[in-house]
Every structure is written in C-alpha cells, then in structure tokens.
Amino acid sequence: MSETDQATATKAPASDPNRWKALVFIALAQLMVVLDATIVNIALPSAQQDLGISDGNRQWVVTAYALAFGGLLLFGGRIADLWGRKRAFVVGLIGFAAASALGGAATNEAMMFGARALQGVFGALLAPAALSLLAVMFTDAKERAKAFGIYGAIAGGGGAVGFILGGVLTEYMDWRWTFFVNIPFAIVAAAGAYFVIREPEGGRNRNPLDIPGVLLSTLGLVALVYGFTRAESDGWGDSVTVGMFVASAVLLAAFVLVESRVKAPLLPLRVITDRNRGGVYLSLGIAIIAMFGTFLFLTYYLQIVKGYSPISTGFAFMPMIVGMMVGSTQIGTRLMTRVPARLLMGPGFLVAAVGMLLMTQLEIGSSYASIILPAMLLLGLGMGTAFMPAMSLATLGVEPRDSGVASAMVNTSQQVGGAIGTALLNTIAASATTSYIADNIGSATSRSQQQLVQLQGQVHGYTNAIWFAVGMLVLAAVIVGTLVNAGKPDMSATPAGTGDEAEDELPVPVVAH
C-alpha cells in the first residue's frame, strides 16, 4: 500500500453505512431552518396586525432571529465540537421546536421577539452541527461533493417552498401555523438523527471555551443593531442612539483585542486577516444588508400597497428563487473551476444591483410583470452567481484546524449583515415616509386623498431605502475587485478541513433570508 493510501485509510477506515440515511435527516433540519425564515416574512404583516406590533418594531421579528443566530454561530460551532456534533444537533432541533411552539402561541410582541431570539440561539447550535456531521460522515471526495450538492439544493429550494407554504398557511389557516409547522420537521429529524447518525470517534475539540469572546462579540453586535433601531424612532443624534454605537465600537474592539491574546480564541484573527477570505466575508455581509431589507419592503409593498394575498405574495417571490438557483447551480458552479472567483463575484453583485435599480422605479400603480418580475430575476441570478465561488473561496488556504470557524464566518457575516440591513433600511424607509407624508398631507382635502398620500409615502420610503441597497451592492462589487485576487482554484488540492484536526463544517450554501 502506498503512503497516500495508508494516509487515506488512517483518516477514513470505513464509510458510515448509514451516511445517506443520515443525509436525509440532516437535510430535513436544514429545510426547516430555511422554511422558517421565508415563512415568517410572508406571515409578518398578519402577525404584526394581530399582535399590535408597531412599524418601528416590526423588523425585530426578523432581526431578533438573525442577530441571535449570527452572533452565536461561532459559539455554536465550538459547543458542537465540545459536546459532540450529534448531541448538539439533536438538542438544537428540540430547542428550535420548543421556540417555534412559543412563537406560534405568542400573545404580544415581547413574547414573539423572545421566541424568535430563542429560535436563533438553537439555530446557531443546529447549523454548525449539521454541517460538521456531513463533513465527518462523507469522507470520499466524490460522495462528499454529491452530499453537499444535495444539501445545498435543498437549502435553495427550501426558500421557494417557504414562500409558498407561508402563503398557504397564512391565507387558509392562520399565521401561527407558520411557526407550528416547524415542530413535526424537528421531531422527525431529531428522532432520525438519534437512531441513524453514528458520529466518528475522536473528533471533539477539547480546547476551553472563549467565554469573554462570546460575550464581547454578542453584546457588541446587539448594541450595533439596537443603535440602528433607535435611530428610526429617536433620531441619529439621540444620546442613547449615539451611546449604542459607541458601546458597540468599544465592545467589538475589545473582542478583537481578546481574540489576539487568548490561547483558544472563538475567532482566530488569522482567519479574517487573509485578504481573500476577508474580502468574501465583507462583501457578502454588505450584499446581504441590501437583500434583507428589500425582502421586507417587497412583502409589505405587495400585500399592503398592491393588495396581494399572502399566497400570491409567496408565488410572487418565485422568480428570485429561480434566478438564485440558476445562478448558483448553472453559472457559478460550472464556471468557478474555470475563472478566478472575482470574475464571478464582482459581476454577480453588479447584476444584482441592476435588479435592485429596477425596483427604485416602484410606484403605487407599477406592474408586477414590467418591474418586479425582471428585478427579482436579476437579483436572484446575480446573487446566485456570486454565491458559489464565495463559498469556495471562504476556506482558501485556511489551516485545517480553522476550517470550521472559516465556514461559520460566512454564515455569521450573512446573518449579521441581515440583522443590520433590516434595521438600517427600515430606518431609512420610515424616515423618508414620515417626511413625504408631512410635506404632502396638507394638500389632501378628502379622506381618500389622505389615504393615497399615505400609500405614496410608504412607496416613497421603500424606494429611498432601495436606492441605498443599490449602493451597497455596488460597494460589495468594489470590495471584491479590491481585495479578492485569488486565481482559479486548484482542483487537485485537498480541500481544507478534510484532515483529522478540523472535522468542523465545510462551506455549504446558506440561502440569505
């Protein structure tokens, strides 16, 4: 036996006979997480009205989840390494189901926000554990690629299912069922995982937890998003708003300082200081800022301004999901081995910016077919094309022991970008709407004219925020052109993270939501 064969045999003595069954339950858990986010977007207007949530607070239904998920993903990955990935996976599923039950039973906005934050906490434990299990159970390179491809396709297709299922449940049953539907998914996935998954031994990371790093990073991100939220109701010059931004800067600076000095950091700085990886994290985070707020605005525009039913709204989002899947599987995946990543990521973000630019033309009487349909197709196509090479580049040249945290950083940048984007763009839209109504309501002499001015004000607010989103996508393309300089990937190289030291997770598509 050659040295290469001996090494292979040492790392993977035998493939797990239940690995394909395990993939079913792992993919089911991923489908549940993706479904949950898109379903909630469709159900949000109904839930807001039922629970009496103000316009200023409505984004916390999305932000509470995204912030808890993004802020704790790195911590969740470390916990999975310490506890064992199977245990973390099952606990994450059970906790997610319990939080979903709490959200479905919510009687006020505080209960809803708390349930969404709990979903984010358990999602942050569930997601890294699921990806890690795939990485350690599929040791053959061809099988690994197939498994991750199936997992990624379910992640993409789940977004489309979520929009439609959310519309059906909201329209024909009740918005509360958009939470309750998670429970059977979680029970089946947890039971299947408990009986089928056999985690390989010897893969745990026994390093002590970086508790100061967890606290500083989470508190810093919470302060940052809360600062954006306060700016909407109290203004950018408000003392509490300014205090939140200052506190965030201090906490995140302290986090960087702590990470540079502790023996087992939550986020080793070497992971993010590489220009290519840093460029991927930064550009993806900024692009997601643009996308998250836009999802919220489009949902409200279609349901409140255009009068679409929840199920019609769900189907209206289909072109974006189709565009994203085509861009990801037919363009990004096919070309990422032939051209440098920046030649896919940069143009991809610019195509998405063109789609966003179309949406700045929205008016009360705008046609779906002439503006929203092509805009969604372009947005999905551009983001899908940029997404796949970004996932691949995220672990380029990373040390095996850091491959898990490098992959988790991609998810973290997306979730935190989504939290900031929802709060920031909602603030911009609300301010523009208030100014427009104040300037024009005086000329409205009848109640119908006043209602028209209010609707025009809402659309004016949406388009102002969408202009900002266009700028964000262009900025993401500029960052790619400036920082990302990697050439074509070397397909003969061993992927980062396939060694014994780093049986964490490999980069897998996570749909932005």
Side-chain angles (χ1 to χ4, degrees), residues 41 44-46 48-49 52-63 109 225-245 289-308 313 316 353-368 370-372 375-376 379 420-475:
N41 269 329
L44 185 51
S46 300
Q48 179 185 356
Q49 184 177 12
I53 301 173
S54 67
D55 285 349
N57 286 337
R58 71 187 178 198
Q59 88 272 7
W60 279 103
V61 177
V62 177
T63 301
E109 64 178 33
V225 175
Y226 185 61
F228 283 117
T229 305
R230 284 278 307 192
E232 177 191 350
S233 56
D234 297 271
W236 294 95
D238 174 69
S239 58
V240 177
T241 302
V242 174
M244 286 295 108
F245 287 133
I289 287 177
M291 288 191 68
F292 261 56
T294 305
F295 290 164
L296 187 64
F297 300 142
L298 275 178
T299 299
Y300 274 83
Y301 174 80
L302 291 170
Q303 291 193 38
I304 305 300
V305 178
K306 302 297 286 184
Y308 280 36
T313 303
V354 172
M356 201 75 81
L357 189 63
L358 275 176
M359 281 192 272
T360 62
Q361 307 304 307
L362 283 176
E363 297 175 353
I364 289 179
S366 294
S367 161
Y368 175 84
S370 63
I371 292 184
I372 299 176
M376 284 188 171
L379 185 60
I420 293 173
T422 305
L424 177 60
L425 296 187
N426 197 59
T427 300
I428 294 170
S431 300
T433 295
T434 301
S435 299
Y436 183 92
I437 292 174
D439 291 342
N440 293 276
I441 198 71
S443 61
T445 56
S446 66
R447 185 174 181 180
S448 61
Q449 288 178 332
Q450 289 175 349
Q451 290 175 339
L452 179 63
V453 167
Q454 289 176 341
L455 282 179
Q456 289 171 335
Q458 285 188 34
V459 177
H460 177 74
Y462 300 157
T463 54
N464 267 263
I466 291 171
W467 269 112
F468 187 85
V470 172
M472 290 286 97
L473 286 170
V474 173
L475 177 60

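Counting from 1, the numbers follow the sequence of the chain as shown.
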Problem set entry | Residues that Ser367 engages under side-chain contact (heavy atoms from CB on, under 4.5 Å), provided they are two or more places apart | Ala369, Ser370

Exercise. So which heavy atom on Gln454 is nearest to which on Ile437, and how close?
Worked result: CA-CD1, 4.0 Å

For this session: Mind jotting down which residue pairs meet the side chain to side chain donor-acceptor pair (under 3.5 Å) criterion with at least one end in residues 460-472? Sequence neighbours excluded, please.
Result: Gln458-Tyr462, His460-Asn464

For this session: I would like to know whether Val61 and Gln48 meet side-chain contact (heavy atoms from CB on, under 4.5 Å); could you show each step before the answer?
Result: CA-CA 9 Å; Val61 177; Gln48 179 185 356; over 6 Å; no

Exercise. Side-chain contact, heavy-atom cut-off 4.5 Å: Ile372 with Ser366?
Worked result: no

Exercise. Which pair of heavy atoms, one from Val474 and one from Ala353, lies closest together, and at what distance?
Worked result: CG2-CB, 4.1 Å

Exercise. Minimum heavy-atom separation for Thr433 to Gly461, with atom names?
Worked result: OG1-CA, 3.4 Å

Exercise. Residues two or more places apart in sequence or in another chain: which of them pass side-chain hydrogen bond (donor to acceptor under 3.5 Å, both in side chains) with Ser448?
Worked result: Ser446

For this session: Considering non-hydrogen atoms only, spot the tightest contact between Ala290 and Leu473 and give its length.
Result: CB-CG, 3.9 Å

Exercise. Nearest 0.5 Å, what's the CG-CE distance between Leu425 and Met472?
Worked result: 8.5 Å

Problem set entry | Set of side-chain contact (heavy atoms from CB on, under 4.5 Å) partners for Gln456, sequence neighbours left out | Ile364, Tyr436, Leu452, Val453

Problem set entry | Between CD1 on residue Ile53 and CH2 on residue Trp60, distance to nearest 0.5 Å | 13.0 Å

For this session: Please list, chain by chain and in numerical order, all residues satisfying side-chain contact (heavy atoms from CB on, under 4.5 Å) with Ala429, sequence neighbours excluded.
Result: Phe297, Ala465

For this session: Quick one: do Thr299 and Leu44 satisfy side-chain contact (heavy atoms from CB on, under 4.5 Å)? Show the steps, please.
Result: CA-CA 9 Å; Thr299 299; Leu44 185 51; 5.7 Å; no

For this session: Decide side-chain contact (heavy atoms from CB on, under 4.5 Å) for Tyr368 and Lys306; before the verdict, give the C-alpha distance in whole Å, the side-chain angles of both, and the deciding distance to 0.1 Å.
Result: CA-CA 9 Å; Tyr368 175 84; Lys306 302 297 286 184; over 6 Å; no

Problem set entry | Separation of Tyr301 OH from Thr313 OG1 (nearest 0.5 Å) | 12.0 Å

Problem set entry | Residues forming a salt bridge (charged side-chain N to carboxylate O under 4.0 Å, His left out) with Asp439, sequence neighbours excluded | none

Exercise. Heavy-atom distance under 4.5 Å between the side chains of Ile371 and Glu363, does that happen here?
Worked result: no

Exercise. Got a sec, which residues hit side-chain contact (heavy atoms from CB on, under 4.5 Å) with Ala375, two or more places apart in sequence or on another chain?
Worked result: Leu358, Met359

Exercise. Phe245: what forms a ring-ring contact (aromatic ring centres under 6.0 Å, His included) with it, not counting sequence neighbours?
Worked result: Phe228

Exercise. Has the side chain of Thr360 got a donor or acceptor atom that lies under 3.5 Å from a matching backbone atom of Leu357?
Worked result: yes

Problem set entry | side-chain hydrogen bond (donor to acceptor under 3.5 Å, both in side chains) partners for Gln449, two or more places apart | Thr445

Problem set entry | With Gln303 via side-chain hydrogen bond (donor to acceptor under 3.5 Å, both in side chains) - residues at least two apart | none

Seminar exercise, completed: In terms of heavy-atom contacts, Ile466 and Met356 come closest through CG2-O, 3.4 Å

